[in-house]
Amino acid sequence: MTETESKDCPTETIESLTKEAEALKKKLEDERQKLNDVTLATVAERLDIINYMNIKPRRTLKGHQAKVLCSDWSPDKRHIVSSSQDGKMIIWDAFTTNKEHAVTMPTTWVMACAYAPSGNLVACGGLDNKVTVYPLSLDEDVTLKKKTVGTHTSYMSCCIFPNSDQQILTGSGDSTCALWDVESGQLLQSFHGHSADVMSIDLAPSETGNTFVSGSCDKMVLIWDMRSGQCVQSFEGHESDVNSVKFHPSGDAVATGSDDATCRLFDLRADKEVAVYSKESIIFGVNSVDFSVSGRLLFAGYNDYTVNVWDTLKCVRVCLLYGHENRVSCLQVSPDGTALSTGSWDYTLRVWA
Amino acid sequence: MEPDHRDHRCHRPSAFDKMEGLVREMQDTEHGGVPVRSQKLFLTSIPAAFMGYDLIEWLMERLGIEESEALNLANQLCQYGYFFPVSDSKNLVVKDDSSLYRFQSPYYWPWQNRPPDNIEYAIYLAKRTLRNKQRHGLEDYELEALSNLRKNLANKWDFITMQAEEQVKLSKVLKKGDKIISDSQERAYWRVHRPPPGMVTSLEQCPVPTRSWNGSRTRKRTIEDGRREVELLKNSLSRTRVKVSQALESMVQHVETYAEYDPLITPTQPSNPWVSEDTTYWQLNSPLVEVPTEKRVRRWGLSMEELVSDPTGLQEFTNYLRKEYSHENIRFWMAVNDLRRSAQSQIQRKVNEIFEEFLAPGAPCEINIDGKTMEKVHQEMKTPSRFTFDAAQEHVYTLLLKKDCYPRFIRSEYYKNLLATGIQPSQKKRFFGFGQTKKKTSTSSAPNQQLLQQQPSQGASVTCGALSKRRGSDRSLSGSAHELAVSGVKDSKVPHSHSQSNLSDIPYRGDLACLPKASPVPTSVTSPVKKPSIAIVAGASTSEEVCPWESGEPRSRKNSAQLDSGSSSSDISVAVAEVSERVQRVCTLTQQHTVDGSRKLSTSTMDPPRRASVSVPITHSTTGDSSKRKVSSFEDNSSAATSTSSSVFVIPSDTDNKSEECTSTNKTVVKNHGLAKACSVTGANAPIISVSSVADDLPPDSKEEQVEPTTSQEPLAPLAEPDSESPASELPPSEPITEVEADTEAKSNDVCPWEDEETCKVDTPFVKTYATLGYL
């Protein structure tokens with residue numbers, strides 16, 4: 001193997017490093033295959049088939065004047081924040097379908113928005129390359145208290161509060177992720193490792209978890225240690241951009257959705273891909289994925305206006321949800337698992353249960 | 001529209017390859033494509049068209065999909081302009097009927113050529129103005145577009161009109177049929193690329209990520225990137241991975257456990273607010289509630305993480321620990337969590353505060369951590385950060401909270417109370433959840449009907465092994481397999497403790513270990529994953545780690561629980577678990593003993609006695625009203641021992657080879673309740689013994705012998721009855737509902753006598769017994 005030779009060679013070049021990486025990858029793949037003794041569907045054989053799902057559209061949230069690009073559930077399980085192509089961010093009481101706040105951002109394509117764990121703060125950003133937080137209060141204009149926390153060198157594609165109102169984690173088109181201190185705007189940690197736009201991030205479900213996952217246009221899925229800033233694990237497999245990543249509720253696996261029209265499941269402990277969710281009839285890219293709270297169901301929003309519901313374990317599709325009239329750009333299961341929200345380029349959001 | 005102005009290097013999603021492939025197949029009429037022909041519509045003939053339902057049918061057949069999906073797909077292809085409705089120039093919609101469609105010429109497919117520019121559009125529009133007004137007249141929006149273009153392209157307008165005239169002239173040469181086709185195709189093309197206002201166009205793209213044809217979408221690699229990648233790959237190579245089967249099994253188990261808590265799989269009770277418009281469910285499950293639902297409390301029993309991530313759970317836990325004067329640990333844990341999530345400006349202050357309160361010598365709430373960890377903390381204190389106390393927190397969490405406080409909490413009267421008083425929005429739901437768990441968990445068949453109730457607990461326990469495993473992995477992503485396994489065992493105690501429906505399992509799990517050997521033995525045998533030895537080690541170590549204030553007695557119990565959890569955490573075949581569960585049931589009475597014994601012990605503080613059993617009978621007779629009460633209750637419903645045994649038989653029979661073993665054990669159990677009791681005692685008091693029993697697969701007989709001497713006296717009789725009682729009661733109600741009812745009743749009854757916090761620990765097993773019996 002070449003890696004030993006080039007390792008300490010002072011004149012390492014991109015070529016030598018790439019070559020070395022290739023060799024290592026091959027070795028790694030062999031290692032992984034050694035432990036590949038069974039498929040997920042086989043293990044899940046003993047489970048009952050889910051053959052009937054009574055999921056129907058229960059609410060339609062109308063009010064955006066442009067494509068809905070991102071949404072996030074409030075921890076209170078009934079409010080939703082959504083952002084759209086025309087720079088609007090709306091806070092909904094999804095249960096009553098009332099709009100409680102509407103904020104206009106000085107940018108178009110607000111591609112990311114997120115609720116803070118306290119429910120008193122939202123963050124958003126997009127083509128402005130910035131992440132901005134808005135404290136929510138009913139009695140005054142929320143834009144008065146807005147605060148720009150961090151700036152990337154390219155658009156911000158995703159953001160998330162890591163169990164704290166005081167920090168925010170962002171992913172960007174500049175191919176990095178970053179952790180910011182909300183109050184001071186200080187960059188606490190940056191995460192380098194992707195070689196193309198980061199499209200999606202998700203936190204490990206553990207309370208004290210210091211781990212998150214990112215998906216990128218370089219087709220890679222990386223697992224990060226938030227404390228050290230190091231990438232600790234990587235998964236390859238997708239044939240196109242990874243648009244969405246989500247931790248399995250067990251914390252031991254991540255699901256991904258990609259432009260290659262597949263969703264995949266990567267197990268952290270087995271260190272490899274353990275399932276591909278695809279069908280010949282599904283030819284459009286996946287924009288967003290999320291699990292039901294038990295991890296049994298995987299919801300995926302596609303460019304063909306549909307949501308496919310997959311049985312994560314048996315690796316078969318359970319059903320299709322029709323309703324949107326344009327691409328489904330974002331979806332998320334509510335914190336208590338009682339509902340699924342979807343946002344679409346048809347300017348609406350829907351809540352399914 | 002903006003999308004079409006992008007330069008032609010733009011990224012072509014793979015969906016286009018797939019769409020084109022499909023459309024080509026459709027057009028391949030020789031090999032079963034969609035039938036295309038001249039269609040008669042009234043008096044006119046429409047060339048080269050196909051009908052909607054032919055298309056849908058073709059798609060359904062080709063892709064093996066249902067009509068709705070085929071229709072959706074057909075509409076997508078239409079939106080992208082691969083075919084278009086012949087007689088409807090306004091909408092790009094496919095209907096599953098006899099309406100006619102025509103394929104677009106590949107020249108006009110999206111992403112075939114460079115995107116259309118405005119000059120072409122202007123030529124097209126100008127051309128139409130030169131032709132028959134009736135057939136080619138412009139729409140309003142097109143007229144507007146034309147006038148705009150004329151303004152913007154004024155300098156090129158001569159060229160544009162010339163081109164338009166030329167094309168009109170050329171088209172006149174075409175045959176009529178061809179002309180109709182090419183006209184419609186061109187029109188459809190512009191309909192897709194310059195859609196009327198308000199119409200969606202599938203071709204619109206997000207402006208980012210910026211993508212281009214030539215594949216240089218990734219930024220340029222630097223040496224730095226290369227190094228980083230190589231580094232990562234090297235680390236990955238040395239990573240310890242688990243077998244895929246093992247990883248997946250634990251995932252499946254996780255999902256099985258939580259299916260009950262997934263509203264999209266198991267309906268919520270009383271109802272899903274989104275469906276019923278009734279927000280009761282949310283009210284009952286607010287973050288902080290006076291009285292949590294029973295289901296929620298049960299969930300706390302799944303793992304410590306479940307408990308502390310629920311505000312109400314955390315509160316109850318803290319209250320409990322406060323009563324025990326040991327809440328500094330949980331407070332420290334919370335403080336460190338808070339620190340980690342604090343604003344940068346607060347870090348310094350909070351680090352000092354935490355140190356002063358919990359760690360400094362003589363601190364008001366000094367926590368008990370080992371010297372090594374302390375050293376680490378001191379070192380970290382030099383550069384205070386949000387992670388300063390991570391090591392100490394980890395220590396407190398795993399060693400004190402998770403291994404000690406949490407299991408105690410779960411076994412405590414306090415938790416029992418919570419569980420018993422927990423709101424049950426609907427009984428039906430309980431049953432429902434159980435039924436489901438059962439179905440999923442058990443591969444075995446019918447006879448367990450009557451044991452429905454037990455399933456959840458067993459399901460939980462099985463799963464928990466997995467859960468805990470994952471925690472292990474969680475903690476250190478790169479965790480070695482070894483570590484994982486061990487941690488799994490560590491935690492597994494927890495799982496058991498909560499076996500949701502009846503915590504009663506816990507105490508007699510220990511007993512169980514010696515008593516109905518059946519359960520542990522086959523378990524360890526079947527489990528390929530974990531070695532029993534690990535379990536033992538863990539068990540042993542636990543006992544050492546137990547907090548000072550814990551009396552020997554609970555410790556032993558824990559130990560036993562641990563041990564058995566260890567065994568079960570290994571991948572038990574469900575069936576086996578089930579059997580063991582049943583066996584446990586059968587031995588329920590034993591618990592009673594355990595209780596008494598333990599109580600006694602607690603007074604005399606841990607004699608690690610093998611002969612602890614001796615004390616048992618005494619205790620028994622002397623125990624307070626509580627025990628008496630229990631006894632009497634047994635007597636009331638006592639049914640014949642025979643029934644018990646029979647029920648026992650039924651159960652294992654469906655679990656293949658293990659069954660024999662089990663059955664025999666059961667029999668022995670039934671026969672010698674006395675010894676069973678004794679056993680339980682031994683289990684409780686002498687962890688070591690129980691451990692070894694598991695490890696060595698001691699035959700039931702040996703156990704019995706061991707016990708024999710202790711077996712004695714009056715307690716026997718009442719005990720025996722309960723013994724038979726439990727399974728007996730289970731037998732008749734093959735309808736789970738009845739069980740549930742009984743269960744609830746039991747809960748409400750068994751609360752009070754042991755409320756006293758002080759005695760709580762001691763009582764625990766006792767209470768458990770009682771509860772269990774009540775269940776049954």
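Every chain is numbered from 1, with letters handed out A, B, ... down the list of sequences.
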For [X] versus [Y], what's the shortest heavy-atom pair and its separation?
X	Y	value
Gln344(B)	Ser184(A)	CB-OG, 4.4 Å
Lys18(B)	Ala261(A)	NZ-CB, 3.5 Å
Ala253(A)	Met251(B)	CB-CE, 3.6 Å
Gly193(A)	Arg228(B)	N-NH1, 3.6 Å
Ala247(B)	Arg269(A)	CA-NH2, 3.7 Å
Gln167(A)	Arg340(B)	NE2-O, 2.9 Å

From [X] atom [atom1] to [Y] atom [atom2], the distance as rounded to the nearest 0.5 Å:
X	Y	atom1	atom2	value
Arg386(B)	Asn210(A)	CZ	CG	10.0 Å
Ser286(B)	Lys77(A)	OG	NZ	7.0 Å
Leu340(A)	Trp274(B)	CG	CH2	11.0 Å
Phe16(B)	Ile283(A)	CZ	CD1	10.0 Å
Lys26(A)	Leu233(B)	NZ	CG	14.5 Å

With a 4.5 angstrom heavy-atom cut-off, is it the side chain or the backbone of [X] that approaches chain A, or both, or neither?
X	result
Ser68(B)	both
Glu229(B)	side chain
Ser345(B)	both
Leu264(B)	both
Ile223(B)	both

Can you say whether [X] sits under 4.5 Å from chain B via the side chain, the backbone, both, or neither, judging by heavy atoms?
X	value
Trp352(A)	neither
Gln186(A)	side chain
Phe247(A)	neither
Ala94(A)	both
Lys67(A)	side chain
Leu40(A)	both
Leu320(A)	side chain
Leu127(A)	side chain
Leu28(A)	both
Asn303(A)	backbone
Tyr305(A)	both
Val351(A)	side chain

(message) Once you measure the plane-to-plane angle for Tyr80(B) and Phe284(A), does it fall in the parallel (<30°), tilted (30-60°) or perpendicular (>60°) bin?
(response) parallel
Quick one: of [options], who has the most non-hydrogen atom pairs under 4.5 Å with chain B?
options	value
Arg227(A), Glu325(A), Lys25(A)	Arg227(A)
Leu188(A), Asp346(A), Asp260(A)	Leu188(A)
Ser154(A), Pro162(A), Ser234(A), Ser292(A)	Ser292(A)
Ala339(A), Ser157(A), Gly173(A), Ala275(A)	Ala339(A)
Arg78(A), Gln230(A), Lys272(A)	Arg78(A)
Val182(A), Val38(A), Asp304(A), Thr108(A)	Asp304(A)

(request) Kindly check if the number of other-residue, nucleotide or ligand heavy atoms within 6.0 Å of CD (Glu66(B)) is above 12? (result)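 No - once you tally the heavy atoms of other residues, nucleotides and ligands closer than 6.0 Å, there are 12 at most.
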(message) Could you check whether atom CD of Glu61(B) has more than 12 heavy atoms from other residues, nucleotides or ligands sitting under 6.0 Å from it?
(response) no
Winner by heavy-atom pair count (cut-off under 4.5 Å) against chain A, out of [options]:
options	value
Asn235(B), Asn285(B), Asp390(B)	Asp390(B)
Asn272(B), Leu59(B), Asp17(B)	Asn272(B)
Lys243(B), Glu224(B), Gln346(B), Glu69(B)	Glu69(B)
Gly226(B), Pro287(B), Ser385(B)	Gly226(B)
Val244(B), Leu22(B), Asn72(B), Leu232(B)	Val244(B)

(message) Among Asp267(A), Asp252(A), Asp271(A), which residue satisfies the salt bridge (Lys or Arg N to Asp or Glu O under 4.0 Å) criterion with Arg241(B)?
(response) Asp271(A)
(message) Please identify which of these residues, Asn36(A), Thr39(A), Asp37(A), Thr42(A), meets the side-chain hydrogen bond (donor to acceptor under 3.5 Å, both in side chains) condition with Ser245(B).
(response)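 Single pass found, and it is Asp37(A).
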(request) Check whether any side-chain heavy atom of Arg239(B) sits under 4.5 Å from a side-chain heavy atom of Arg32(A), and report yes or no. (result) no
Donor-acceptor pair, side chain of [X] and main chain of [Y], under 3.5 angstrom:
X	Y	result
Arg58(A)	Glu277(B)	no
Asp181(A)	Ala343(B)	no
Ser294(A)	Ala259(B)	no
Lys56(A)	Val275(B)	no
Asp262(B)	Arg296(A)	no

(message) Side chains of Arg62(B) and Ser281(A) only: does a donor on one sit below 3.5 Å from an acceptor on the other?
(response)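 Absent: no donor and acceptor within the cut-off.
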(request) Answer yes if the ring centres of Tyr258(B) and Phe291(A) are under 6.0 angstrom apart, and no otherwise. (result) no
(request) I would like to know whether Arg46(A) and Glu249(B) meet salt bridge (charged side-chain N to carboxylate O under 4.0 Å, His left out); could you show each step before the answer? (result) CA-CA 11 Å; Arg46(A) 68 168 193 264; Glu249(B) 182 61 33; 3.0 Å; yes
(request) Could you please spell out the steps behind the side chain to side chain donor-acceptor pair (under 3.5 Å) verdict for Trp282(B) and Asp76(A)? (result) CA-CA 9 Å; Trp282(B) 282 336; Asp76(A) 74 5; over 6 Å; no
